[in-house]
Protein chains: 2
Amino acid sequence: MKSVTLKDVAKAAGVSYATVSRALSGSNQIGKDTRERIVRLCDEMGYTGNYVARSMVRKKTDLIGLVVPAIENEFMSQLAYYAEMSARSRGYNIMLCDSEPDLRQEEKVVKLLLGRMVDGILIVPQSPATYEKLGSYLDQIPMVFLSENLRDQPQSYVSVDNSRGTYLGMEHLYSLGHRNILYFGRRDSTTHQLRAEGYLQACRKFGLEPRFCNSDFPRSSIENGYHLARELFSKPVDYTAIFASTDSNALGIMKAADEIGLRIPEDISLIGFDDIPSAALPRIDLTTIQQPKKGMAVQAVEMLLDKIENGTQGYIHQILLPALVQRGTCRQVR
Amino acid sequence: MKSVTLKDVAKAAGVSYATVSRALSGSNQIGKDTRERIVRLCDEMGYTGNYVARSMVRKKTDLIGLVVPAIENEFMSQLAYYAEMSARSRGYNIMLCDSEPDLRQEEKVVKLLLGRMVDGILIVPQSPATYEKLGSYLDQIPMVFLSENLRDQPQSYVSVDNSRGTYLGMEHLYSLGHRNILYFGRRDSTTHQLRAEGYLQACRKFGLEPRFCNSDFPRSSIENGYHLARELFSKPVDYTAIFASTDSNALGIMKAADEIGLRIPEDISLIGFDDIPSAALPRIDLTTIQQPKKGMAVQAVEMLLDKIENGTQGYIHQILLPALVQRGTCRQVR
DNA sequence: TGAAGAAACGTAAACGTTTGCAGGCCCTTT
DNA sequence: AAAGGGCCTGCAAACGTTTACGTTTCTTCA
């Protein structure tokens with residue numbers, strides 16, 4: 001278990017350990033043949049280097065903290081995937097922290113990351129309140145918010161144009177002849193407010209009557225969508241399409257509709273938001289608005305690394321564009 | 001950005017920094033009132049502690065490396081989720097490393113973790129070959145393998161009884177009257193060999209004729225399953241049920257069947273393996289064999305922490321039991 | 001009252017690196 | 001041949017903790 005250190009290698013090579021360090025760090029302050037000899041020796045001796053000691057003196061860990069609410073969630077795991085890839089290609093590793101189940105945990109996790117000396121934090125906030133909670137840490141460490149739109153807060157974040165997304169979907173439904181479209185879902189967080197705004201804009205533009213079915217669940221899941229939809233469908237269905245604020249909700253609606261024999265898309269059209277992998281599954285085949293997950297993750301990492309490496313001070317709000325993904329749950333109204 | 005150190009606090013408190021350290025570490029070598037005073041002061045000054053320095057002297061990082069092939073994969077992200085929860089409850093953090101795309105990367109990642117001084121490694125190996133590759137590192141750091149069955153290798157792992165899983169499924173199909181069951185999928189890795197073995201055992205027991213449709217794709221995905229199934233269905237369908245070696249494959253089969261108008265479960269029964277979240281989705285509703293993901297992750301973490309904290313030397317092969325999850329894709333044969 | 005022992009706190013070494021500074025050698029130049 | 005200048009390499013400090021050991025003060029009991 002005893003690992004080999006710089007000193008061991010130095011002794012074996014008959015040089016000082018500073019020389020070994022230089023040989024490995026790619027410094028130009030060293031002779032070519034000496035370097036080669038040392039590098040070879042390190043290999044043979046199985047020297048791996050000690051990142052902790054290194055971090056100690058360089059005050060840099062090449063580690064970035066990724067804080068997400070529930071990695072098991074499809075959307076989060078995709079973000080994590082792309083963030084990890086992109087960070088690794090730049091020489092950084094990811095420390096994964098789940099911020100479940102509540103805001104207190106989220107704050108705890110951020111505090112912990114501070115002590116761990118990660119170089120920066122990438123965080124998918126649980127709610128707008130996160131921002132308040134984290135206010136005091138913001139100047140202690142580079143931080144980039146991901147996915148949630150923080151509106152005009154003076155902090156960097158990358159998000160998607162949520163209202164435009166809903167608008168795109170509405171446009172699509174309108175072009176299919178739908179004139180009575182129900183908006184289904186949460187309206188609490190900024191993200192969801194914006195999505196609802198896009199809906200309202202579209203209604204105004206196309207001269208439609210806005211109709212809402214509000215969820216007050218703090219998290220949108222299939223189950224929550226299902227229960228709300230059961231309730232919804234117990235009343236007369238006098239609309240031809242439903243815009244679900246998330247794919248999860250859409251799946252819940254689909255389940256409820258299937259159960260009561262309401263056919264999608266024959267009887268009613270359905271469109272979601274997010275484009276989680278499940279939406280592309282056979283039989284599900286959900287028409288939806290795509291969040292550019294890879295782009296978001298990559299951009300957020302770029303932003304964070306820019307702050308870390310160049311000490312960039314100001315902040316950027318990067319809003320990516322969503323896209324309509326046409327699948328099988330929307331149909332021309334008869 | 002300058003963070004406050006032990007020394008700063010010590011100066012402010014008028015004590016030596018050893019005293020501050022003791023006040024925080026819960027040592028009993030310190031007076032009650034002094035401790036309280038110092039703890040309060042740390043709070044006020046915003047002292048977070050420096051985990052790197054701490055790790056340096058304690059030779060312990062309270063960090064465990066989690067190596068998975070592609071976290072975006074549903075199964076992996078669930079494992080990661082439970083592993084993170086369970087590790088955190090024991091005071092450890094997770095360093096997430098994707099071992100994509102090949103074995104070389106996997107080895108690179110493990111090497112990197114060694115240098116990072118994680119206390120242990122939890123790894124979901126890409127293939128049995130991983131074990132060979134990693135042989136030389138095994139005695140340098142506690143390591144536990146997860147999910148893949150390494151048979152009788154002298155290393156700790158937690159896996160699921162794969163052959164029993166298939167057997168359970170076969171039993172179910174048999175009880176529904178199926179006498180002609182096709183096994184569909186990979187047979188390369190140990191895991192998949194064992195699943196196929198369970199199939200063969202059941203065939204022997206029930207007096208059935210084994211029939212295979214082999215995939216030589218190195219990874220089972222919906223797409224791969226779909227393409228293979230298209231090919232399969234171009235020939236006459238003279239079996240009443242398909243046992244897919246993974247849920248992903250089953251979903252591919254489902255897609256292909258839907259396309260050619262082969263009805264599931266009316267015309268043919270389908271059963272998968274893994275119980276990924278997608279299997280429970282409305283419309284999919286796949287009957288499958290469940291891997292106890294939470295149990296696996298939790299056990300693996302326990303095992304690893306036991307090695308780390310108690311220096312437990314030997315190795316354990318823990319094989320958990322799978323369970324049949326009855327949903328809607330299997331039906332009594334007419 | 002005095003000595004022994006415990007409790008509280010300070011001192012300093014150690015962990016394994018990186019890096020500024022200084023010194024030594026050799027080569028070039030005048 | 002002497003001086004100057006590069007190129008290598010070594011020395012030692014520094015990073016922020018923990019902890020063994022030593023010292024001082026306080027308690028306690030004979």
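Order of the sequence lines sets the chain letters (A, B, ...), proteins ahead of strands, with each chain counted from 1.
In this structure a side-chain-to-backbone donor-acceptor pair under 3.5 Å is present from Asp119(B) to Asp62(B). In this structure, Tyr81(A) contributes its side chain and Asn73(B) its backbone to no donor-acceptor pair below 3.5 Å. Although no hydrogens or angles enter the test, the distance criterion places no donor-acceptor pair under 3.5 Å between the side chain of His317(B) and the main chain of Leu150(B). Side chain of Arg88(A) to main chain of Asp98(B): a donor-acceptor pair is present (N/O by atom type, distance under 3.5 Å, no hydrogens or angles).
Taking the nucleotide of DNA chain D with the nearest heavy atom to each of Gln29(B) and Gly49(B), the more 5' of the two is matched to Gly49(B). Ranked by how close their nearest DNA chain C nucleotide is to the 5' end, Ala53(B) and Thr34(B) are led by Thr34(B). Nearer to the 5' terminus of DNA chain D, by closest-nucleotide assignment, is the contact made by Ile30(A) (compared with the other of Ile30(A) and Tyr47(B)).
Atoms NZ (Lys60(A)) and C1' (dC15(D)) sit 16 Å apart, rounded to a whole Å. Rounded to an integer number of Å, the gap from CZ of Arg58(B) to C1' of dA20(D) is 16 Å. Residue Met117(B) contributes atom CE, which lies 9 Å from atom C1' of dG16(C) at whole-angstrom precision. Taking atom NZ on Lys11(B) and atom C1' on dC9(C), their separation rounds to 19 Å, with Å as the unit. Between the C1' atom of dG16(C) and the CG atom of Leu6(A) lies a distance of 7 Å, rounded to the nearest Å. One interatomic measurement links the two molecules: CE of Met56(B) to C1' of dC15(C), which rounds to 4 Å at whole-angstrom precision. In this structure, CG of Asp33(B) is placed 7 Å from P of dC9(C), rounded to the nearest angstrom. Nucleotide dT17(C) holds its P atom 14 Å from the CD1 atom of Ile38(A), rounded to whole Å.
Of the side-chain N and O atoms in Lys32(A), none sit less than 4.0 angstrom from OP1 or OP2 of dC7(D). The phosphate of dG16(C) (OP1 or OP2) has a side-chain N or O of Lys59(B) nearer than 4.0 angstrom. Between dT18(C) and Tyr51(A), no contact under 4.0 Å exists linking OP1 or OP2 to a side-chain N or O. Remark: Ser55(A) is not in phosphate contact with dC15(D), judged by side-chain N or O atoms under 4.0 Å from OP1 or OP2. Phosphate proximity of dG10(C) to Thr19(B): present, with a side-chain N or O under 4.0 Å from OP1 or OP2. Close to dT17(C), at under 4.0 Å from its OP1 or OP2, lies no side-chain N or O of Ser21(A).
Among the nucleotides dG20(C), dG16(D), dT18(C), the one closest to any side-chain atom of Val57(A) is dT18(C). Closest to the side chain of Arg22(A), out of dT18(C), dT9(D), dT17(D), is dT9(D).
The residue Ser25(A) sits apart from the nucleic acid: no heavy atom pair falls under 4.0 Å. Within 4.0 Å of Tyr17(A), counting heavy atoms only, lies at least one base atom of the nucleic acid. Residue Val15(B) is classed as a sugar-phosphate contact, given heavy-atom separations below 4.0 Å to backbone atoms only.
Between atom CD1 of residue Ile121(A) and atom CG of residue Leu146(A) there is a gap of 13.5 Å, rounded to the nearest 0.5 Å.
The heavy-atom pair separating Gly120(B) from Leu304(B) by the smallest distance is C-CD2, 4.0 Å.
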